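Since the structure is predicted, the reported quantities are computational estimates derived from the model, not experimental observations. Side chains are part of it too, since the values below use all heavy atoms of this structure and drop only hydrogens, waters and symmetry mates.
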Number of protein chains: 4
Amino acid sequence: MCSRPAATPPTGPGRPGRPRSAAADTAILEATRAALVELGWSKLSMSDVATRAGVAKTTLYRRWAGKNELVVDAVAVLFDELELPDRGSLAADVEGVVRQFAALLERPEAKTALMAVVAESTRDEPLRERIRTSIVERQKRLVLQGRARAQARGELPPPAEGQEGGGTADGTDDLIFDVIAGAVVHRALVSGEPVDREWARRFTALLLGGLAAVSPD
Amino acid sequence: MCSRPAATPPTGPGRPGRPRSAAADTAILEATRAALVELGWSKLSMSDVATRAGVAKTTLYRRWAGKNELVVDAVAVLFDELELPDRGSLAADVEGVVRQFAALLERPEAKTALMAVVAESTRDEPLRERIRTSIVERQKRLVLQGRARAQARGELPPPAEGQEGGGTADGTDDLIFDVIAGAVVHRALVSGEPVDREWARRFTALLLGGLAAVSPD
Amino acid sequence: MCSRPAATPPTGPGRPGRPRSAAADTAILEATRAALVELGWSKLSMSDVATRAGVAKTTLYRRWAGKNELVVDAVAVLFDELELPDRGSLAADVEGVVRQFAALLERPEAKTALMAVVAESTRDEPLRERIRTSIVERQKRLVLQGRARAQARGELPPPAEGQEGGGTADGTDDLIFDVIAGAVVHRALVSGEPVDREWARRFTALLLGGLAAVSPD
Amino acid sequence: MCSRPAATPPTGPGRPGRPRSAAADTAILEATRAALVELGWSKLSMSDVATRAGVAKTTLYRRWAGKNELVVDAVAVLFDELELPDRGSLAADVEGVVRQFAALLERPEAKTALMAVVAESTRDEPLRERIRTSIVERQKRLVLQGRARAQARGELPPPAEGQEGGGTADGTDDLIFDVIAGAVVHRALVSGEPVDREWARRFTALLLGGLAAVSPD
DNA sequence: CGTTAACCGAGACGGTACGTCCTGTCTTTAG
DNA sequence: CTAAAGACAGGACGTACCGTCTCGGTTAACG
């Protein structure tokens, strides 16, 4: 829920030595987002971020292993803003999450950073894990929350025995998540078309129509 | 269909001076793919590619503006292999295209390059255009081809008047394409889960089920 | 005669607060000499010395202003060992001091440090003064002592009136000191040739022969 | 006689690739001398020299392995100016060379650099060799030249059989060189006293007086 | 059959960023 | 007040690529 640099040292109190500056952390992450907006991922440099944040390069490298890790943390906080207000029906909730996610992808710092770090993560397992916990899980939460709400409303059948705790064993949540997130990202970043109200409506219709076909059996 | 470096000079046969070496082109593109496999996108360097291809750096820059353009051309040929064998039903065809696209994404040169160039393209319109014509349209072709085949089979209603030439005005083709490509990419590269037969079957069911709900109007 | 860090505070016993650790001083100076032997002047770092001595960097800077001052103190103690045993004649005494000084210059900590601090002192007057009192005067003492002994033996004319206290007003002591120290250092460090018995013998002959020519007037 | 960076590549004329810029060489060496005057040895940095010379750091490192080698070449040219005008007598010639060498040591770029590179050379054999050929031999030449001239005048006995070509087998030249150079350097840089006419006169008297004592046998 | 113009390899060039190291200061807890 | 620990701003290090340039030397089509 909170964005912590997740660096190695125990950070416990009573530890010897000068403690790390919390102000530096926030200054760095803000500077990173600002640099992403101005320069984009590939022209963002650690030196530049350090200068913007009024911080020494050492201070960056003490906390993050490199550009990838830093950027993941910098954009992760954007995903904390994602929420799922109850709009009264499953369809409205899906449309809401689609529009909300699309709005996030419109922000230039997210647009340039997200695909880039995912691309890097294809050759860097720890980075992939970091992305998963910092970003992907934050999104997926909305899907789970939406399903639970629809089940409470009676729009979807109640959870099977033994799965009250969360996930479904059959991977339908995963499938739905991949379809929603994938379609929105593809529309926004690859096709380069706007995710407007009309598209969201049609996409939601397709998804919910399909859901009826796939899940009952 | 064929991969042409698309550099500026007219390439006309009646041009004076020594013509460009065609062997160099293929050597460079092969070297680029090899370097992508070995090093991944971010550690691939023009110098390295030049060395691998036994070519001077000048020769690279005479043909491509930079790393992005070179890599797009290098991976674009992979998409020429995509085909849509007639498997007898719309469902089977969709499953086929899903599996085929997933297989492509398993190849390390594609995995590391695709998301990276898309990320770059968020701040580089000419690059986005190049990606669209070299890669995205090649994929989309399969969707159009599949729809036409299903319409021929009678699984889908025939095209409306005036749209025999290709696209539908309502954007359903685009929607379907974003859903298929997006979901597969997200499953493979973000969630990091395999696109196996079972997943393809369930995804196809969802898609075709939804299609019935969205298109009949 | 003894090596004191010569830092500012009065060191009085009735002073408040925790007194400085004397053990730290010696540990630091030993660590400095060890680092000089291993790494040489230019690769020696304050951080490294602190680590070797098991001491915090702060403790170093509390006592010495920087690398230069620390190294001067660290090698100064080596010059305390210089002595001038009475070998019975002026020539033998000169040979003795030449060999002894040469032996000192063979020690790796002295070899790498001496020229370096002198080089630094060309742009740092306080450092030059520190070198003079800590090192140069210690060497010069031997020259004065040798002259006095030779005068006592009658090998040299007795001191003129009014100069019993030490130096001669005409600067002959300075000249001799520059010639002896300069020649030995140049032979050892610049020419890179050994200061062996034969060279010492020939040098002494030259010096004493010249002394007869320059001083009698 | 001329100062060449003495870098590895053969510099042959029919060599492939763009040739090295001669202008860069001279700009770099001049910038190095200027930086030595302004900042002194220890605060001189490769980055700064590059900036002053309007040259990339790479260009420096292509030609010189590091600060030491660069500085040796930069100050070596100063020693090309050393000459031994015929002043009519051996004593006058010695005084001349002493004053000339002292004048060189007064120049701030030489003062700060000479001892420093010699200090570094105590742990770096190739550097010592470079200093020997670039600097020391240039000085020693004057001693040999002075001896030959004195022999021609009849002030010194003619060279023994078989040594017409240059050096004497007994090392007297070396001894004299170490005494002259060592004494002047020590006076100027360690004692910090001026090498004035009076000191030069007294030193010459000592040297020549001693020479009579050491060489006749 | 020689011009000629564009090609090719090689590699130096001015830059920028990298990630590491060290400096000298500051801030914490402990004695 | 000192000590150990360690974070801090700053800056140099030496390396790697970037994209451009300047060379000597091909290699075709044109005249």
Side-chain angles (χ1 to χ4, degrees), chain A residues 9 13-21 23-24 43-51 53-63 65-67, chain B residues 9 13-21 23-24 43-51 53-67, chain C residues 9 15-21 23-24 43-51 53-67, chain D residues 9 13-21 23-24 43-51 53-63 65-67:
Chain A
R15 210 167 39 104
R18 176 174 174 174
R20 290 195 180 163
S21 156
K43 301 198 175 167
L44 176 147
S45 76
M46 296 294 267
S47 323
D48 184 62
V49 169
T51 306
V55 141
K57 256 196 306 175
T58 350
T59 302
L60 262 73
Y61 285 106
R62 221 189 308 277
R63 291 162 160 79
K67 193 166 130 167
Chain B
R15 210 162 42 100
R18 175 175 174 177
R20 289 195 180 160
S21 156
K43 302 199 173 168
L44 175 147
S45 76
M46 296 293 268
S47 322
D48 184 63
V49 169
T51 306
V55 142
K57 258 198 306 175
T58 334
T59 304
L60 260 73
Y61 284 106
R62 209 172 281 126
R63 290 162 160 83
W64 291 277
K67 188 166 134 170
Chain C
R15 212 158 41 98
R18 176 170 170 178
R20 288 194 179 165
S21 156
K43 302 198 172 166
L44 175 147
S45 77
M46 296 293 268
S47 322
D48 184 63
V49 169
T51 306
V55 142
K57 261 198 303 176
T58 333
T59 304
L60 261 74
Y61 284 107
R62 228 189 304 275
R63 291 162 159 83
W64 291 277
K67 188 166 135 170
Chain D
R15 211 164 38 102
R18 178 174 173 175
R20 291 197 179 161
S21 156
K43 301 199 173 166
L44 176 147
S45 76
M46 296 295 268
S47 324
D48 183 64
V49 169
T51 305
V55 141
K57 255 197 308 175
T58 348
T59 303
L60 261 73
Y61 284 107
R62 224 189 306 276
R63 293 163 159 80
K67 194 166 128 168

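The listed nucleotides are dC13(F), dA3(F), dA28(F); the one nearest the side chain of Pro19(B) is dA28(F). Looking at the side chain of Ala56(D), the nearest of the listed nucleotides dG19(E), dA10(E), dG14(E) is dG14(E). Listed candidates were dG10(F), dC22(E), dC8(F). Nearest to the side chain of Ser45(C) is dC22(E). Here the side chain of Arg20(B) is nearest to one of dA7(F), dA17(E), dC8(E), namely dC8(E). Side-chain proximity of Thr59(A) to the nucleotides dC13(F), dT23(E), dC8(F) is greatest for dC8(F).
In this structure, the side chains of Thr59(D) and Arg62(D) come closer than 4.5 Å at one or more pairs of heavy atoms.
For the pair Leu44(A) and Lys67(A), the tightest heavy-atom approach, listed with the atom from each and the gap, is O-NZ, 3.0 Å. Across all their heavy atoms, Ser21(D) and Ala24(D) have their closest contact at OG-N, 2.9 Å.
Along DNA chain F, the nucleotide closest to Tyr61(D) and the one closest to Leu44(B) are compared, and the more 5′ of them pairs with Tyr61(D). In this structure, Gly17(D) and Ala24(A) both approach DNA chain F, and ranking their closest nucleotides by distance from the 5' end singles out Ala24(A). Projected onto DNA chain E by closest heavy-atom contact, Ala65(C) and Pro16(A) fall at different nucleotides, the more 5' of which corresponds to Ala65(C).
Between the CG atom of Asp48(B) and the P atom of dG19(F) there is a distance of 14 Å, given to the nearest Å. Spacing between atom CE of Met46(C) and atom C1' of dG6(F) amounts to 17 Å, rounded to whole angstrom units. In this structure, Lys43(A) places its NZ atom 14 Å from C1' of dA17(E), rounding to the nearest Å. We find that CG of Leu60(A) is positioned 12 Å from P of dT20(E), with the value rounded to whole Å.
The base of dC13(E) has none of its N or O atoms less than 3.5 Å from a complementary donor or acceptor on the side chain of Arg18(D). Applying the 3.5 Å distance criterion, the base of dG6(F) shares no donor-acceptor pair with the side chain of Lys57(C).
A close approach under 4.0 Å does occur between a side-chain nitrogen or oxygen of Arg62(A) and OP1 or OP2 of dC8(F). Not one side-chain nitrogen or oxygen of Arg15(D) sits closer than 4.0 Å to the OP1 or OP2 atom of dG9(E). For Thr58(A) and dA9(F), the shortest distance from a side-chain N or O to OP1 or OP2 is not below 4.0 Å.
Distance alone, capped at 3.5 Å, places no donor-acceptor pair between the Lys57(C) side chain and the Ala50(C) backbone.
Within the 4.0 angstrom heavy-atom criterion, only backbone atoms of the sugar-phosphate kind lie near Gly54(A); the bases stay farther away. Across all strands, Ser47(A) comes closer than 4.0 Å only to sugar-phosphate atoms, never to a base (heavy-atom distances).
For the atom pair CE (Met46(C)) and CH2 (Trp64(C)), the distance works out to 8.5 Å, reported to the nearest 0.5 Å.
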